[in-house]
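Below, each value reflects all heavy atoms present in this structure, side chains not excepted, and no hydrogens, waters or symmetry copies. In this text the structure is predicted, and so the values were computed from the model without any measurement. Chain A is the first sequence line, chain B the second, and so forth, proteins listed ahead of strands; every chain is numbered from 1.
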Amino acid sequence: MKYLSEYRSPELVDYFLKEIKRTVTKPWVIMEVCGGQTHSLVKNGLLNLLPGQVRMVHGPGCPVCVTPLNLIDKAVYLAEEKKVILCSFGDMIRVPGSKKSLLDAKANGADIRILYSPLEAVKIAAENPDEEVVFFAVGFETTAPANALSVIHAKRQRLKNYSILTSHVLVPPAMEAIINHDDNIVQGFLAAGHVCTIMGLSEYYPIVEKHKIPMVVTGFEPVDLLQGIAMLVAQLEKGEYKLENQYSRVVEEEGNPAARKMIDDVFESSDREWRGIGTIPGSGFEVREDFSAYDANKKFRVNIAKAEENKDCIAGHVLRGLKKPHECSEFGKRCTPANPLGAPMVSSEGACAAYYHYSQADLTTK
Amino acid sequence: MPQLDFDIITLGHGSGGMLTQKLLDSGVFTVLANPLLDQRHDGATFTMNGRVAFSSDSYVISPIFFPGGNIGELAINGTVNDLAMCGAIPKYLSLSFIIEEGLAMVEFWEIITSIKSACDKAGVYVVTGDTKVVERGKGDKIFINTSGIGEIHPQANISISQIKSGDRIIVSNEIATHGMSIMSVRKGLEFESEMVSDTRPLNHVVKKLIDTFGESIHFLRDPTRGGVASVLNEIATDAKLGIDIFQKDIPVDDAVAGACEMLGLDPLYVANEGVFIAIVDELIADDVVKLLRQYKETVQAVTIGTVTTNHAKQVILTSSIGGRRVVNRLTGEQLPRIC
């Protein structure tokens, strides 16, 4: 915690708030890409401290929220029908599929286990040679190295009963999709610090250049976020567009080469459907042919009919920053974390959940 | 542990026959002996005076042994503390086991002896109970139910209706320690520092509090499952008042805070055992804190907030950096995040 406290210092928060207020002269719309940043903004009450001209909109950076309905249905099918030991991170198991969530399936007797690391799933596979073990490999570039490592470990141990159901999504193509959309309102991005820790900065320069949009790679603590916003507002006010790195204590220019190599060894990029947004070219990772024995999709050849999203859910608009969660007519009424219509309400990183948990009528966030 | 001719619990130990008797005689009655239990009747008969509090709770924890304690002492302390929170002086407990076939006697013995030790610390007696054994796979090693009864302290008037605007909210010690100690021994997690559960009886210190401050102690509650946030929400809803709390004042051990941070858990929602929340008249708040700090189990006591007529039924937290947000009820279990 000693490494965190200075990034939660009330004095520094005050300093950057004053800096933003001093600099800003016109209204700006800024998107924080990552759900962790959304939660930090709301949980620390930062949105209400920012000057009125700075409007923060919340991006698609919650891997749970953008995991397609169909993949959740597949995971449920594997656990219930194929009787695999289905392993997942905690925040994935409550998200509703078209009929049920993994948590419902678990309550009905399916063997679904909540893990903290994919390597734990490999261990379970080694200890249960007669059972098939599938890890639901969800996440952005951040979790991809560990998921890749699990496959490498399984191959090294010659395990025949381990595979991953991938739902990996990549941030830069999603940012481009948001910018390219006709109704885009975003004028500057706080890029997700954790993702850049792995991938570095090289993918972001072309986006900044091509779209003339300023971008600041930003961390997750209150001071990080306010400093990132201050840097972005300064660029916007000056009419500049460049890539800056607020999170330099963690993010190196080239990212983490060892982690990137692991990703490259196991995965290749592919088109990927994002829940609520649609298919974005080159925005996902699939397991490479060399490791196809560890790809649950190929191993089990699951064909599940594509289900319709709930029409009353405006998750797609929320994920693109076009609507705030509380602008949804169902927010907090028919849609609550206990009975979510869409994933952003149930995931621990989802914008709707953040608003539901941390803000209410008299504290309505901007 | 006594010399026994069995190493594990079998279905026969729950049959009510010879084996049950053997298990109880050597494993339970000997250790927990007291005049009321020794009557060996279906129920205990005793005399109590004046107002009485009665409480019951079931304990289903995995793993059953964790740093700082086990399910046995947890079951005793839990019911003792529930009674203490009513302003009662706990006296007699019932103790019922549902044991899964195959539980090692050595584990059962360890649980029984720590039950004895917890009873001694709290000054209570187990006076009646029950033992059932279920087939392997139909339990989680052992479940324990304890009920307890105690006389209400003559000076106590603990009630939600006593809470009024201006009252101070005091937390008796660092929060979230128990929940994170359980988390730390679950598979796949390794933390740098060991986190030890703070399970312990709180009845003695609560008695001291009521001896000293009487009716100025308006409300008491131990924030076990659901943590401090859930209890404060219940209080705000039931009292139809608002609650303001201040993040900078809420005590959390550094290692616990670090582990919560890593898993994306909010300490306000993590379970506690040896901690209570006291809502007291504003005039005595500082003195209550001073008194609590004299005892090792409440040495970190601190005022964390105030009761208000503003934002009725809502708990609002002022973050360390001055932002304000609602602290809502938890939806389901807190689950560790992806990234």
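By the salt bridge (charged side-chain N to carboxylate O under 4.0 Å, His left out) test, A:Asp111 is found to be paired with A:Arg113, residues two or more places apart in sequence or in another chain being considered. In this view, A:Lys106 satisfies the salt bridge (charged side-chain N to carboxylate O under 4.0 Å, His left out) rule with no residue, not counting sequence neighbours.
Closest non-hydrogen pair, A:Leu49 versus B:Ile321, comes out as CD1-O, 4.3 Å. Nearest heavy atom pair, residue B:Glu261 against residue A:Glu221, reads OE2-OE2, 3.8 Å. Here the shortest heavy-atom pairing between B:Ser320 and A:Pro10 reads O-CG, 3.3 Å. The minimum heavy-atom distance between A:Val42 and B:Arg325, with the atom names listed, is O-CB, 4.0 Å.
Taking 4.5 Å as the limit, every side-chain heavy atom of A:Tyr116 sits out of range of all side-chain heavy atoms of B:Met262.
Looking at A:Leu103, there are no atoms closer than 4.5 Å to chain B (heavy atoms on both sides), in backbone or side chain. Neither the backbone nor the side chain of A:Glu141 comes within contact range of chain B, judged by heavy atoms closer than 4.5 Å.
Note that the NE2 atom of A:His39 and the CG atom of B:Asp266 stand 11.5 Å from one another [nearest 0.5 Å].
At most 12 non-hydrogen atoms from other residues, nucleotides or ligands lie less than 6.0 angstrom from OH of A:Tyr15. Dense packing is recorded around CG of A:Asn128, with more than 12 heavy atoms of other residues, nucleotides or ligands lying under 6.0 Å away. Within 6.0 Å of atom NZ in A:Lys18, 12 or fewer heavy atoms from other residues, nucleotides or ligands are found, so the atom counts as exposed in its surroundings.
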